[in-house]
Peer 1: 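My questions will all concern the structure given below.
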Amino acid sequence: MNVTEKIISSHLVSGQLKAGEEIAISIDQTLTQDATGTMAYLEFEAMGIPTVRTKLSVSYVDHNTLQTGFENADDHRFLRTIAAKHGIYFSKPGNGICHQVHLERFAKPGETLLGSDSHTPNASAVGMLAIGAGGLSVALAMAGEPFWLVMPEVVCINLQGRCGAGISAKDIILEVLNRLTVKGGVGRIIEYGGEGIAHLTLPERATITNMGAELGATSSVFPSDEQTRAFFKAQKREADWTELLPDENAEYDSEIEIDLNSLEPLLAAPSSPDNVQAVREVAGMPIGQVCIGSCVNSSYGDLMTAAKILKGKKIHNDVSLSISPGSRQALQMITENGALADLVAAGARILECSCGPCIGMGQSPATDTVSLRTFNRNFPSRSGTKNDKVYLCSPQTAAASALTGVVTDPRDIVKEPIVIPLPDQYMIDDSMILPPSDKPEKVTIERGPNIKPFPVKEALKASIRTLVVLKVGDNITTDDIMPAGAKILPLRSNIPAISEHVFSKVDSSFHERAKASGSCVVLGGINYGQGSSREHAALAPMYLGVQAVLAKSFARIHKDNLINFGIIPLEISTDVYDAIEEGSELEFPSIAKEVKEAEEITFHDTTSGKTFSAAHGLTDRQREIILAGGLLNYVKHK
Ligand code: MIC
Ligand code: SF4
């Protein structure tokens, strides 16, 4: 068996390890962050279970940390009190980004982790199976229910050789994105192997597994080996370490080889993580901003790399450089060893340990300027600036370019490989991780006025009549469907309010037209719903009356979220897509009967007079969820 099969088989509750079959696995650990967590805990609360039934559940605050009104602070207080009451650890704002802190303090080889954030596979770097999901799926896992998924194919990426000067883990994952694209990982788990992995430290491996989310992969996994052990030892967690290697004769569904010796510094050009180019192709282009941070490149090693390049120098006059450390541990360590002073002396603006600019919480770039970021996503306007030009790159490329004011190949500045060895001992201080209360009955959950109950759908009607309110193209992201940023994120606990922003950056009249229709559908292209796990991209459209999404194909997490909230994901052919216009009226005469008994759904376009069919591709369990009007109703009936 390979590593993936070993973990899945030891957690298998239902089904068989055959790619394409529905399976259920037990979940050992869960994580949430504040932007998805408030909803997930409201959903958990609705299940009426006093204490979580996982081995470990952690609630982080890292996204909504700008407190420009009462909303975010109220959410933090709600999250702290509900965690204390229900057996959940609470990582306070300022302690760091969920994925970075989870890797440092909680990830465990051989275990499973379900997180309400798409970059949860960051933790799979230790040889665990970490998967991103919607908040409701995570709430169910906290209630002790297994997680259902389609058994993915397992692809082996064989790394050979060693990265040269100026090249790092970020360039490896950008090369993978270059080859596979943002839909190349759908229905797959990527397992890394080959002699090249021996040189990659755990935080470097996490850079690679983190951005497996950008491939659309279910997860990305490394084996647990001596590098893993060294990391656990340095985190004073050696007791949590176990070896987990693939068998010598392990088989994979396919294999890809990458020669690390021949890699060069890469970047992802606007506005997709798979729009990969060599840095030297755009070298010399003026830049206005450099941001170092986000869950993919904000570790102690990443910050030290930037500090080494910047030490004793000054950043270019035209550049604003911001640094957001991934965790308080990393920040404390660079504070003690003087690297923070080097960064400040070079001209860096130091932000708190949070997602920050990655989710448009501040640092939106100036109009028509290039922003170079060590982040994982550069979807259009995600930075908060319309028509932004965000390039994703490694900390080395970012730091080198901050000095020159133009995109710079780090090899022009970094002649020898920068090696930041793992510290013998990381600085351990878990005082900002609050354990759950030992007197839960005494804890009162505190809710502010921004926390509104979540809407629940009714059971599926026998027939429906709908309006096509929007027709969109390929690779629509959940940022397109439900934008984030400093203005909209504080509304994550208030579905009526946030629903006014659905598709607002694509079509500002969407919200009003959807609501007025009373019942509507959205028409999409390939890989509909890629990116963030935010269930608000399903919940808010459901609140506005969206009954179904008709698309050529769907991204995994969003498809699950649609089903969880009773919206039917229907797969259509290109011919059907081309034949239906925005504004058409579609009638589904026997939708409930067909969801129950048939493989295809028939519908009439009363505007054109044509009749079409679409595959629903639902498993038996998913059919029941849709019929019940969503997962919460389904669970209640059970
Ligand atoms: C993201 O990177 O897009 C987010 C913000 O972390 C999301 C979660 C969210 O929208 O709350 C994710 O990746 O799932
Ligand atoms: Fe936060 Fe950005 Fe990572 Fe999402 S991708 S968890 S917003 S740092």
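Atoms within each ligand, like the ligands themselves, are counted from 1 in listed order. As the structure is a computational prediction, the values presented were derived from the model and not from experiment.
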Peer 1: Is the shortest side-chain N to carboxylate O distance from R492 to D75 below 4.0 Å?
Peer 2: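 Salt bridge flag = no for D75 with R492.
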Peer 1: May I ask you to check whether over 12 heavy atoms, not counting those of Y89, lie within 6.0 Å of atom OH?
Peer 2: no
Peer 1: For atom 4 (Fe) of ligand 2, what is the closest protein heavy atom, and at what distance to 0.1 Å?
Peer 2: H63 NE2, 3.8 Å
Peer 1: Just heavy atoms, cut-off under 4.0 Å: does R382 contact ligand 2 by side chain, backbone, both, or neither?
Peer 2: side chain
Peer 1: At distances under 2.8 Å, what protein N, O or S atoms surround atom 3 (Fe) of ligand 2?
Peer 2: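 Listed by chain and number: C295 SG.
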Peer 1: Testing R534, R377, E214 one by one against S118 for a side chain to side chain donor-acceptor pair (under 3.5 Å), which residue passes?
Peer 2: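 The residue from R534, R377, E214 that satisfies side chain to side chain donor-acceptor pair (under 3.5 Å) with S118 turns out to be R377.
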Peer 1: Would you say R349 has more than 12 foreign heavy atoms packed within less than 6.0 Å of its CZ?
Peer 2: no
Peer 1: With ring pair (Phe, Tyr, Trp, His ring centres under 6.0 Å) as the test, would you mind laying out the steps for F565 and Y543 before giving the verdict?
Peer 2: CA-CA 10 Å; F565 292 103; Y543 176 78; over 10 Å; no
Peer 1: In terms of side-chain heavy atoms, does N210 have a donor or acceptor partner in N376 at a distance below 3.5 Å?
Peer 2: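 A donor-acceptor contact under 3.5 Å links the two side chains.
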Peer 1: Between D117 and T36, do the side chains contain a donor N or O and an acceptor N or O under 3.5 Å apart?
Peer 2: no
Peer 1: If we check side-chain contact (heavy atoms from CB on, under 4.5 Å) with I97, which of these qualifies: S91, C295, C358?
Peer 2: C295
Peer 1: Taking 4.0 Å as the limit for heavy-atom contacts, which would you say applies to Q33 with ligand 2: side chain only, backbone only, both, or neither?
Peer 2: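 Neither part.
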Peer 1: For ligand 1, give me the residues whose heavy-atom distance to it is below 4.0 Å, by chain and number please.
Peer 2: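 Residue list for ligand 1: Q33, A35, T36, H63, D117, S118, H119, I359, R377, R382, R492, S532, S533, R534.
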Peer 1: Between H99 and D62, is any side-chain donor less than 3.5 angstrom from a side-chain acceptor?
Peer 2: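 Their side chains do not contain a donor-acceptor pair, so the 3.5 Å distance test is not met.
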Peer 1: Compute whether any side-chain donor of one residue and acceptor of the other, for T30 and T54, lie under 3.5 angstrom apart.
Peer 2: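 No.
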Peer 1: Determine the interplanar angle of the Y60 and H102 rings, folded into 0 to 90°, and report it as parallel if under 30°, tilted if 30 to 60°, perpendicular if over 60°.
Peer 2: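 Rings of Y60 and H102: perpendicular, over 60°.
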